[in-house]
J.: 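I am attaching a structure below and will ask some questions about it afterwards.
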Amino acid sequence: MSAIMTSTKNSSALGYQSFKIGEFSFDRCEYFAYINCPTAEHIISIDDFLRALMRDVAWGFFYGTVAFDDVFGTINHYGNVDVYLGTKHAEWKHAGRDYIENFKSDELMDLFKAILSDWTNEGFDPFAAPQETGTAWGPKRGNEDRLISRQREVAKRMVGIPGDAPLRTDEGGYPVNRAFPDVDQEQPVIEAEPGFEGELHAYNFFGYLSRSDVTWNPSVVSVIRQSLFCPTTEEYVLPIDHGNDRVEWFLQLSDEIVWDIKDGETSTPLATVTMRAGDVSAMPGDIRHQGQSSKRCMLLVWENGSPEILDMIRKGTAPMVPVTF
Ligand code: PHB
Ligand code: FE
């Protein structure tokens with residue numbers, strides 16, 4: 001046998017497991033993830049694949065479409081999930097190579113967690129900025145189950161209220177990130193009128209964000225009915241291209257993010273939106289957005305968590321776009 005016969009995607013020879021669900025199968029080699037379905041094989045760089053998979057797992061398939069790239073992704077129907085290849089790409093559809101299959105959320109989640117656990121090598125943190133982690137490459141080398149099982153911080157009412165999501169501190173393992181040494185860390189003094197103790201709350205929001213140990217992973221810091229404030233710190237590239245199924249708002253709190261906007265159904269590029277500190281935008285529900293940030297920055301994602309909104313959009317009682325000109 002000559003060297004040119006060497007198989008490049010032999011998961012088991014490299015110590016990795018192969019995975020299968022329905023008609024989809026998943027393999028990895030030292031550099032790539034391979035996704036097979038009855039109509040095609042698709043290849044994604046393994047670091048990108050694991051970063052995207054980490055978000056899909058941590059966010060429970062999120063709102064709407066989580067596109068790993070222009071070809072592969074998941075569509076959340078809240079209880080069941082579509083896995084697709086080419087379905088959101090005009091040329092793949094045109095060529096008849098698109099394939100989509102529906103799974104129960106629990107079953108797909110179990111599979112995605114198993115892939116993430118088996119394929120994440122020791123030293124690689126899929127939540128971290130590239131400069132703050134080791135690499136994903138090579139044959140199987142240990143695991144990072146501790147890092148990949150970190151739970152997203154989700155407040156019931158507001159961060160810092162006793163019994164709710166805790167504040168981040170040095171002692172709690174959340175040092176100030178290297179990008180935010182100038183952020184004031186003082187906590188506000190709360191002086192409630194007699195009788196109102198325990199009903200008034202405040203905390204240092206910028207101090208909290210400056211201590212985020214992950215990137216592109218919104219935590220929920222305050223909740224008022226379906227209004228969710230989901231701030232996050234961003235560095236390098238959002239590992240997924242998000243096709244929301246409702247309007248969402250972005251408030252750029254510091255520095256800059258460049259957003260690539262594509263048509264949600266065809267992946268056709270539509271716009272580039274540069275947001276600088278103080279800028280506010282609203283993303284329509286029929287597009288996809290992927291952010292890029294050259295320096296770690298602070299972003300507030302404002303989500304509408306309503307379970308009814310999809311029905312309202314379908315009936316025409318809630319808009320798919322934030323404003324009609
Ligand atoms: C988004 O898809 O809207 C999104 C996701 C994660 C982030 C920021 C924005 O960190
Ligand atoms: Fe989004």
Side-chain angles (χ1 to χ4, degrees), residues 19 21-22 24 26 33 35 37 42-89 92 98-117 119-120 126-127 148 150-152 154 214-220 228 230 232 234 236-248 250 257 259-267 283-292 299 301 303-305 307 309-310 320:
F19 295 89
I21 190 165
F24 279 99
F26 299 84
I35 302 157
C37 72
H42 183 57
I43 302 179
I44 303 179
S45 187
I46 192 65
D47 57 336
D48 290 340
F49 180 82
L50 292 172
R51 287 188 188 109
L53 187 63
M54 182 75 256
R55 301 323 184 272
D56 219 8
V57 166
W59 306 343
F61 305 113
F62 210 28
Y63 300 100
T65 300
V66 170
F68 284 44
D69 61 8
D70 285 351
V71 175
F72 176 75
T74 59
I75 308 169
N76 197 355
H77 301 293
Y78 311 99
N80 61 85
V81 186
D82 293 330
V83 178
Y84 68 83
L85 202 67
T87 305
K88 302 269 180 187
H89 193 293
W92 276 64
D98 55 304
Y99 182 79
I100 189 163
E101 200 173 330
N102 184 265
F103 300 100
K104 287 208 182 90
S105 303
D106 297 353
E107 285 168 24
L108 187 65
M109 184 54 75
D110 287 347
L111 178 96
F112 275 13
K113 282 184 174 166
I115 300 176
L116 187 61
S117 170
W119 289 4
T120 300
F127 269 134
I148 64 176
R150 278 175 294 186
Q151 294 295 311
R152 186 147 93 107
V154 177
V214 290
T215 59
W216 307 103
N217 187 37
S219 40
V220 182
L228 310 180
C230 312
T232 154
E234 320 296 47
Y236 189 52
V237 182
L238 173 56
I240 63 143
D241 198 344
H242 184 215
N244 210 335
D245 52 18
R246 62 197 71 190
V247 174
E248 78 186 282
F250 292 153
I257 295 179
W259 290 96
D260 272 339
I261 313 295
K262 294 172 189 160
D263 182 86
E265 289 305 313
T266 62
S267 296
M283 296 285 155
D286 54 1
I287 53 109
R288 291 216 312 262
H289 46 261
Q290 184 170 39
Q292 300 156 97
L299 171 72
V301 182
E303 289 280 2
N304 182 336
I309 197 162
L310 289 184
M320 190 61 141

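Note that the structure is predicted; figures quoted are calculated from it, not measured.
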J.: Let me know which of Asp260, Asp263, Asp70 forms a salt bridge (Lys or Arg N to Asp or Glu O under 4.0 Å) with Arg288.
T.: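 When salt bridge (Lys or Arg N to Asp or Glu O under 4.0 Å) is applied between Arg288 and each of Asp260, Asp263, Asp70, only Asp70 qualifies.
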
J.: Begin from the C-alpha positions of Val237 and Arg51 and carry the test side chain to side chain contact (heavy atoms under 4.5 Å, CB included) through to its verdict.
T.: CA-CA 10 Å; Val237 182; Arg51 287 188 188 109; over 6 Å; no

J.: To the nearest 0.5 Å, tell me how far Ile44 CD1 sits from Asp47 CG.
T.: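 Going from CD1 on Ile44 over to CG on Asp47, the span is 11.0 Å.
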
J.: With sequence neighbours excluded, tell me which residues meet side chain to side chain contact (heavy atoms under 4.5 Å, CB included) with Asn217.
T.: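 Partners of Asn217 by the side chain to side chain contact (heavy atoms under 4.5 Å, CB included) criterion, ordered by chain and then number, come out as Trp59, Phe127, Arg152, Val214.
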
J.: Which heavy atom of Gln290 sits nearest to which heavy atom of Leu238, and what is that distance?
T.: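 Closest heavy-atom pair between Gln290 and Leu238: NE2-O, 2.8 Å.
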
J.: Exactly one of Ile35, Asp69, Leu116 should register a side-chain contact (heavy atoms from CB on, under 4.5 Å) with Phe49. Which one does?
T.: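 That would be Ile35; it is the only one of Ile35, Asp69, Leu116 passing the side-chain contact (heavy atoms from CB on, under 4.5 Å) with Phe49.
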
J.: Out of Trp216, Tyr63, Phe62, Phe68, which one pairs with His242 under the ring pair (Phe, Tyr, Trp, His ring centres under 6.0 Å) rule?
T.: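 For His242, the ring pair (Phe, Tyr, Trp, His ring centres under 6.0 Å) check succeeds only for Phe62.
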
J.: If every non-hydrogen atom of Ala33 is compared with every non-hydrogen atom of Trp119, which pair is closest and at what distance?
T.: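 Looking at all heavy atoms of both residues, the closest pair is CB-CZ3, 4.0 Å.
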
J.: Does a side-chain heavy-atom distance below 4.5 Å link Asn244 with Met283?
T.: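 No - every pair of side-chain heavy atoms lies 4.5 Å or more apart.
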
J.: Could you tell me if the side chain of Val57 sits less than 4.5 Å from the side chain of Met109, heavy atoms only?
T.: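 Side-chain contact under 4.5 Å: yes.
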
J.: Minimum heavy-atom separation for Asp245 and Gly64, please, with both atom names.
T.: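 Shortest heavy-atom separation between Asp245 and Gly64 comes out as OD2-N, 3.3 Å.
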
J.: Could you tell me which non-hydrogen atom of Ile240 sits nearest to which non-hydrogen atom of Arg55, and how far apart they are?
T.: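 For Ile240 and Arg55, the tightest heavy-atom pair comes out as CG2-CB, 4.2 Å.
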
J.: Measuring from atom NE2 of His289 to atom NZ of Lys262, what distance do you get when rounded to the nearest 0.5 angstrom?
T.: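 Between His289 NE2 and Lys262 NZ, I get 12.0 Å after rounding to 0.5 Å.
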
J.: Would you call Leu53 and Pro126 a side-chain contact if the rule is heavy atoms closer than 4.5 Å?
T.: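 A side-chain contact is absent here, since even the closest heavy-atom pair is not under 4.5 Å.
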
J.: Pick from Val66, Asp106, Asp56, Asn76: which one makes a side-chain contact (heavy atoms from CB on, under 4.5 Å) with Val81?
T.: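 For Val81, the side-chain contact (heavy atoms from CB on, under 4.5 Å) test succeeds with only one of Val66, Asp106, Asp56, Asn76, which is Asn76.
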
J.: Should the pair Asp110-Lys113 be classified as a salt bridge under the 4.0 Å nitrogen-to-oxygen rule?
T.: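 A salt bridge is absent here (no side-chain N lies under 4.0 Å from a carboxylate O).
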
J.: Work out which heavy atom in Leu85 is nearest to a heavy atom in His42; give both atom names and the distance.
T.: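 So the minimum-distance heavy-atom pair works out to CD1-CB, 3.6 Å.
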
J.: Is the closest side-chain heavy-atom distance between Lys88 and Ile75 below 4.5 Å?
T.: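 Counting from C-beta outward, Lys88 and Ile75 do come under 4.5 Å.
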
J.: Nearest 0.5 Å, what's the OG1-CD distance between Thr215 and Glu234?
T.: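 Separation between the atoms: 7.0 Å.
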
J.: Which of parallel (below 30°), tilted (30 to 60°) and perpendicular (above 60°) describes Phe24 and Phe72?
T.: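 Perpendicular, since the angle between the ring planes exceeds 60°.
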
J.: What's the spacing between Phe26 CZ and Ile115 CD1 if we round to 0.5 Å?
T.: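 Phe26 CZ to Ile115 CD1: 5.0 Å, rounded to 0.5 Å.
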
J.: To the nearest 0.5 angstrom, please state how far the CG atom of Asn80 sits from the CZ atom of Phe103.
T.: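 Here the rounded value is 11.0 Å.
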
J.: Answer yes or no: is there a side-chain heavy-atom contact under 4.5 Å between Ser105 and Phe61?
T.: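 They are in side-chain contact.
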
J.: Report yes if some heavy atom in the side chain of Glu248 is under 4.5 Å from a heavy atom in the side chain of Asn304; otherwise report no.
T.: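 No, every pair of side-chain atoms sits at 4.5 Å or beyond.
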
J.: Between Ser45 and Asp48, do the side chains contain a donor N or O and an acceptor N or O under 3.5 Å apart?
T.: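 Per modelled atom types, Asp48 and Ser45 side chains form no pair under 3.5 Å.
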
J.: May I ask you to test the Thr74-Phe112 pair for a side-chain heavy-atom distance under 4.5 Å?
T.: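 With C-beta onward as the side chain, the pair touches.
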
J.: Could you tell me which non-hydrogen atom of Cys230 sits nearest to which non-hydrogen atom of Val220, and how far apart they are?
T.: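 Minimum heavy-atom separation between Cys230 and Val220: SG-CG2, 4.1 Å.
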
J.: Are Asp98 and His89 packed together at the side-chain level, in the sense that at least one heavy-atom pair is separated by less than 4.5 angstrom?
T.: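 A side-chain contact under 4.5 Å is absent here.
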
J.: Apply ring pair (Phe, Tyr, Trp, His ring centres under 6.0 Å) to residues Trp259 and Phe250 and explain how you reach the verdict.
T.: CA-CA 11 Å; Trp259 290 96; Phe250 292 153; 4.4 Å; yes

